[in-house]
4 protein chains.
Amino acid sequence: MPLKLNWGLVGGGETSQIGSAHRIGARLDGHFELVAGALDIDPVRAREFAVRLGVPEDRAYGDWREMLGREKGLPTYGRLDLVTVATPNSTHHEISKAFLEAGFHVLCEKPLTMTLADGEDLVRTARDADRILAVNYGYSGYPMVRQARSMVRDGKLGRIRIVVAEFSHGSHADAAVADNPSVRWRYDPEQTGVSSVLADAGLHALHMACFVIGQQVTRVSADFVSVIESRELEDDALLALRFAGGATGRLWTSAVAVGQQHGLNLRVFGELGGLRWVQEHPNQLYWTPLGKPTRTLERGDVRLSEEARLATRITIGHAEGFPGAIANIYSNLAETIRARNEGRAPHPAATWYPAGEEGLQTLAVVHAAARSARKGGTWVEP
Amino acid sequence: MPLKLNWGLVGGGETSQIGSAHRIGARLDGHFELVAGALDIDPVRAREFAVRLGVPEDRAYGDWREMLGREKGLPTYGRLDLVTVATPNSTHHEISKAFLEAGFHVLCEKPLTMTLADGEDLVRTARDADRILAVNYGYSGYPMVRQARSMVRDGKLGRIRIVVAEFSHGSHADAAVADNPSVRWRYDPEQTGVSSVLADAGLHALHMACFVIGQQVTRVSADFVSVIESRELEDDALLALRFAGGATGRLWTSAVAVGQQHGLNLRVFGELGGLRWVQEHPNQLYWTPLGKPTRTLERGDVRLSEEARLATRITIGHAEGFPGAIANIYSNLAETIRARNEGRAPHPAATWYPAGEEGLQTLAVVHAAARSARKGGTWVEP
Amino acid sequence: MPLKLNWGLVGGGETSQIGSAHRIGARLDGHFELVAGALDIDPVRAREFAVRLGVPEDRAYGDWREMLGREKGLPTYGRLDLVTVATPNSTHHEISKAFLEAGFHVLCEKPLTMTLADGEDLVRTARDADRILAVNYGYSGYPMVRQARSMVRDGKLGRIRIVVAEFSHGSHADAAVADNPSVRWRYDPEQTGVSSVLADAGLHALHMACFVIGQQVTRVSADFVSVIESRELEDDALLALRFAGGATGRLWTSAVAVGQQHGLNLRVFGELGGLRWVQEHPNQLYWTPLGKPTRTLERGDVRLSEEARLATRITIGHAEGFPGAIANIYSNLAETIRARNEGRAPHPAATWYPAGEEGLQTLAVVHAAARSARKGGTWVEP
Amino acid sequence: MPLKLNWGLVGGGETSQIGSAHRIGARLDGHFELVAGALDIDPVRAREFAVRLGVPEDRAYGDWREMLGREKGLPTYGRLDLVTVATPNSTHHEISKAFLEAGFHVLCEKPLTMTLADGEDLVRTARDADRILAVNYGYSGYPMVRQARSMVRDGKLGRIRIVVAEFSHGSHADAAVADNPSVRWRYDPEQTGVSSVLADAGLHALHMACFVIGQQVTRVSADFVSVIESRELEDDALLALRFAGGATGRLWTSAVAVGQQHGLNLRVFGELGGLRWVQEHPNQLYWTPLGKPTRTLERGDVRLSEEARLATRITIGHAEGFPGAIANIYSNLAETIRARNEGRAPHPAATWYPAGEEGLQTLAVVHAAARSARKGGTWVEP
């Protein structure tokens, strides 16, 4: 293993779930060392928490501007190899843009930005600066999701006909706490934008569908409802989709599905076979070749695709989970960054991190779905 | 157990799957004895098969008109208590109507009729004749489906918010045999009407949703696709629904979902909890009270609702299957017919056979969905 | 379908679970008509219940001796083709023997007899009288159990190495009701014999292991415990087994396994592959060829063995359950009886009812296990 | 988070699965930094790999004696806080003993030692030196295993009656490669000792049973078989067990169970309820209170025990896997070591690493089982 890469984190403070997930993912395979951070909106807490995480005092910052100001002046040796932006959604654009323009590679939390214009601007900025812009669709790091993508790419399913994606949970089902601030802001257009549950949870299902079948959405018809009436934004949505390669999509997402914990599932049906994958039991992929019994493919099987094999670190039959999926995003970024640093091509099977373009394309579908829902299900182009 | 009821069967010949299911269902609990039949379009085969099934020779008919002619003249003792119509869809209306008008109770296969006008006419005919008209939504006979309906009725889930229904299989996925006559007619509007997979498979999911939540559909937005392009009718459909009681529905049905055998599933989400049921493993119902762990309810548990307990015949932990579900429809009809014959009220927990009205209402939704799909997903009222 | 066979039932009264299962099984495929019975220890209830089931009054008997006396004198036409004995265990030998000696075919409930000597006598009696003696190991009627047996027979698994069988439930786990008469008699050696849970539940797992791998037990080492100390007989048992064909067995059975409803499961491991089957979800069989992914075989698949296909009556993907399994035993008996009556060989794929010899062999293993347990796990021959 | 602890690793070279698991586990929560190592039997590879892992050159050793010699002389600041021994089984005793005597805390791979005498010696050495000796039963780190242990401890199941443990896989089922050196040594008593699959896989199931019910084994009766006859040691074993607190155990372990990947499962049955846990889907624990429906407890649920909550790092519904389980062992050791360093009591809910005594006790059961198997299943005390 080569020397660790230098990693900086903006946001993701002590009480942030996603901050913890990023730190575990960055650490798991030993590719990144956290050396700089502006981890909290409160400067004192930000510095104090960074130091506790082992960040040197002079790189434990009170806010991201301070961090950017000093870090961009550091010499090549010691400079940050990657900056993760895990701040509130409305700040993704400004912060990511600033770091990209200063020459840093950026991994941004999803959704990439609040508006499409900002998303386009960010993707353009990265391109102009020739910097990596990635977006954290972490579930695409699961080995068996990558196996599914490999199988579609390799033609095992033939032309893809139907893709069925779900991401439904029941976290916002309790009407008694619907007005608690921790829940309410998610349904406030001022803070959340044009969509709530689709932009938050459904977005992962949407990206996974695109990621696995390798096609972008060309048209969408959507139905949004707020089953808790006080909500301005949808807590349940249904989408019909058309993809560029001819596939049809069905996507259901919900925040009021009591009994579903974190129900992210994908089914893909092609001319030659079908696939099924369930996030809560991510180590299996069910494959039915046309006219044959269903087969259970297991993570860790030596016969899986190279991409799936590279994305796993323990032997078959053990459970591997979400921390490993996030770590795969980080490992892919590490390989890509090292290859750039070393002036070589990255290992082709180790570059499947979700790019900024994917963040933008999926965001465009959310916006189109919101328009379609407002127009009574009319088909709309993203 | 009282004397067996006299049962007549029209259609359901030797090679018919559904005929076999009706005979098993009618026989399983010993309520009905097959005493008359016109079982095949070929008069010779019709008579010959009936006799082999034990029907007396003088009641083994060559066609349904002959059967009707003679049976309606029989004295009360020995007269048919129920006639099942299991002929091709396009004949349901004419045959059922004739038997109803002659004073027989009728159980008609689904779909009730080809057109809405015919369906309305049939329901009216039954009402005017004061005869029972039932439609064979057999899956509604499963004990745990009835348990779900009981729990919704009893308020265990509070107001219903979202119902998610699926019926997807892969039986018509193989493009190589798409033009075989046994498959092709299903996608021919001349023979099949306005819809294929929705009217055939999806209809069961639709009825189950209505049956369990006790609400009718008021609006629908649909997306139909023919993934095998030569098909004029849809082989995959997605529906967004609104119900009279305020619930929202999501329904996906497909005939090209390779790897799904007979994927009829239902999920119901209310203010106070959620339910999940899967046809391929029908003996369990998963119930999640709001904020509590999911509980596995088992068929045969003595604490289930009276309707669920009456719909089962073996102890907890044994598997019970589809023949029992159909038998429950027949048992409910037997109780209702006997109660009429005896001038008493039927046992209130034994009358959940699907009525003709339900056949008509669900048919109306299919027609509305076909209109919506043609109009690009516009919301349409059934 | 030929004319129905005449069926007589001894025991299996109105409140008996097993009586209901036999009537459903005999009726399901329409092979048998109940025409005579002595259904209850109380003569009045016996006659009254038989008449309600449609038995002619002159063949509704008050006890089995009366039934035997009159039935054996009837002319060939109208004579009973099969007598089912579903009385308390201690009477199996006497009643079955009497009917066999009078020339009737007999299906006896399990366990075949209380003592080995009685079992041997019964098997000998049947042989001498050239009558069918079957024993109701009903779970062996499940289609996918038969598929497993076919696959072993056809060499798909190679030489069988290990078979793991379980039948565990929690029905007798509640110490608070352990002394209720309905539970207590099961642990009383006077009424139950040398073994409780092994002779009651474990016996099915034992038979299934033998049935599927086609080998008999040659040696057994057993551990019996009574976790509720007041019980004289075991409520939990573990057996190590050796089979005549070289296989090794592991069998666990329990009546105190809270949370297991009716946990009858079988796993078979051979040189070339493994199989797994679970009674509570009986429509699937999981097959892993050596070095290949696991495949899910589905009941109703046209590629299954002829024995499995003959044992099913509805299409793939529907659930089929325990009533169908029992009906398969009855259908196999019907075919065998008809072939005898017609002087022809029975259809070779329709004769897999469990024979009296199987009832005797499994009983011998239970007795051997009880001896082994008393001797501290010493290996014992049945 | 306080400063990282200094971690040394002996064994676990580049191609070692278990070495990778230790490094991930030590790294996942950021408690340990690998600062010294003797990672390979080949001194050149050992040093080279250590340096690639980021170990300073002067602490990248060619063998463990060199490592011990230099490390024990280092000043308190910079000294190793923990040494993990992941070398071949036959060297565990010598190496662990040497490090313990030199004052280091030791985490030893399982099995603790080859002989009981060595195991006793190691435990005594640790006690005399007042050093931590832990053994890597990594599966005991799964959150839901800890939840199970908490529930038993808290009386949720009442007195424990039966515990059923399995660890079966099919990795050594292929006779064609049974003589390959990579498989063969496992069945060679010279290299492996008195037991193969029980000492290797079954040991984990045994420890898990003891760990969850909090009882030690007092007696064992065992059956060992070598289904591949050329093997001197068993590839399949069945154990009956008695525990100090009155529980009875059933344990099956196999290396020839084709179709099982890594089948480590546990079921616990007590007076008041039952539990079920399956390693391949480790995020759920199934709990059936006596007389109530089964409940699915989910990792990450805020209502779980403090021990279970402390052992998880991502929110409910995400999968978490084996790397997290190993990391929990390391985190528990970190807390215990820090508490010692700081002269305080460790957090009581963060000390459930498996102690050396547990390694010794389980080893004693393996040896007793081997004796019992040789004596034809006689009951033997460990």
Side-chain angles (χ1 to χ4, degrees), chain A residues 1-4 14 17-18 20-21 23-31 33-34 49-55 138-139 142 144 167-171 259-264 278-284 296 298-301 312-327, chain D residues 1-4 14 17-18 20-21 23-31 33-34 49-55 138-139 142 144 167-171 259-264 278-284 296 298-301 312-327:
Chain A
M1 184 177 296
L3 283 182
K4 288 189 183 177
E14 189 154 20
Q17 279 289 341
I18 198 66
S20 166
R23 288 190 298 272
I24 290 171
R27 191 161 58 211
L28 191 75
D29 292 321
H31 292 302
E33 172 116 35
L34 181 63
F49 183 48
V51 168
R52 266 194 290 134
L53 288 174
V55 172
Y139 303 101
Y142 273 116
M144 297 315 274
F167 195 167
S168 295
H169 61 82
S171 303
Q260 303 206 174
Q261 301 301 341
H262 209 71
L264 174 61
V278 175
Q279 190 274 146
E280 299 191 16
H281 298 289
N283 293 283
Q284 285 77 35
T296 306
E298 296 274 348
R299 185 204 54 73
D301 192 311
T312 186
R313 44 193 78 67
I314 48 172
T315 48
I316 191 169
H318 292 80
E320 203 168 3
F322 187 64
I326 295 256
Chain D
M1 184 176 298
L3 283 181
K4 288 190 182 174
E14 190 155 19
Q17 278 289 342
I18 198 66
S20 165
R23 288 190 298 273
I24 291 170
R27 190 161 58 210
L28 191 76
D29 292 321
H31 292 301
E33 173 115 34
L34 181 64
F49 184 49
V51 169
R52 265 194 290 132
L53 289 173
V55 172
Y139 304 100
Y142 273 116
M144 298 315 275
F167 196 167
S168 296
H169 60 80
S171 303
Q260 304 207 175
Q261 302 299 341
H262 209 69
L264 173 61
V278 174
Q279 190 273 143
E280 299 191 17
H281 298 289
N283 293 282
Q284 286 77 35
T296 305
E298 296 273 348
R299 185 205 53 75
D301 191 310
T312 184
R313 44 194 77 67
I314 48 174
T315 48
I316 192 168
H318 292 80
E320 202 168 3
F322 187 64
I326 296 258

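If you measure heavy-atom distances from A/E280 to chain D, the contacts under 4.5 Å come from both the backbone and the side chain. Contact annotation for A/Q284: only side-chain heavy atoms (C-beta onward) come within less than 4.5 Å of a heavy atom of chain D.
In this structure, the separation between NZ on A/K4 and CG on D/L53 is 9.5 Å, given to the nearest 0.5 Å. D/T315 OG1 to A/Q261 CD: the interatomic distance, rounded to the nearest 0.5 Å, is 10.0 Å.
The candidate from A/G321, A/A319, A/G263 with the greatest count of non-hydrogen atom pairs under 4.5 Å with chain D is A/A319.
Partners of A/H318 under the ring-ring contact (aromatic ring centres under 6.0 Å, His included) rule, at least two apart in sequence or in another chain, are D/Y139, D/H262, D/F322. For D/R313, the salt bridge (Lys or Arg N to Asp or Glu O under 4.0 Å) partners are D/D29, D/E320, not counting sequence neighbours.
A donor-acceptor distance shorter than 3.5 angstrom exists from the side chain of A/Q279 to the backbone of D/G317, with no hydrogens or angles considered.
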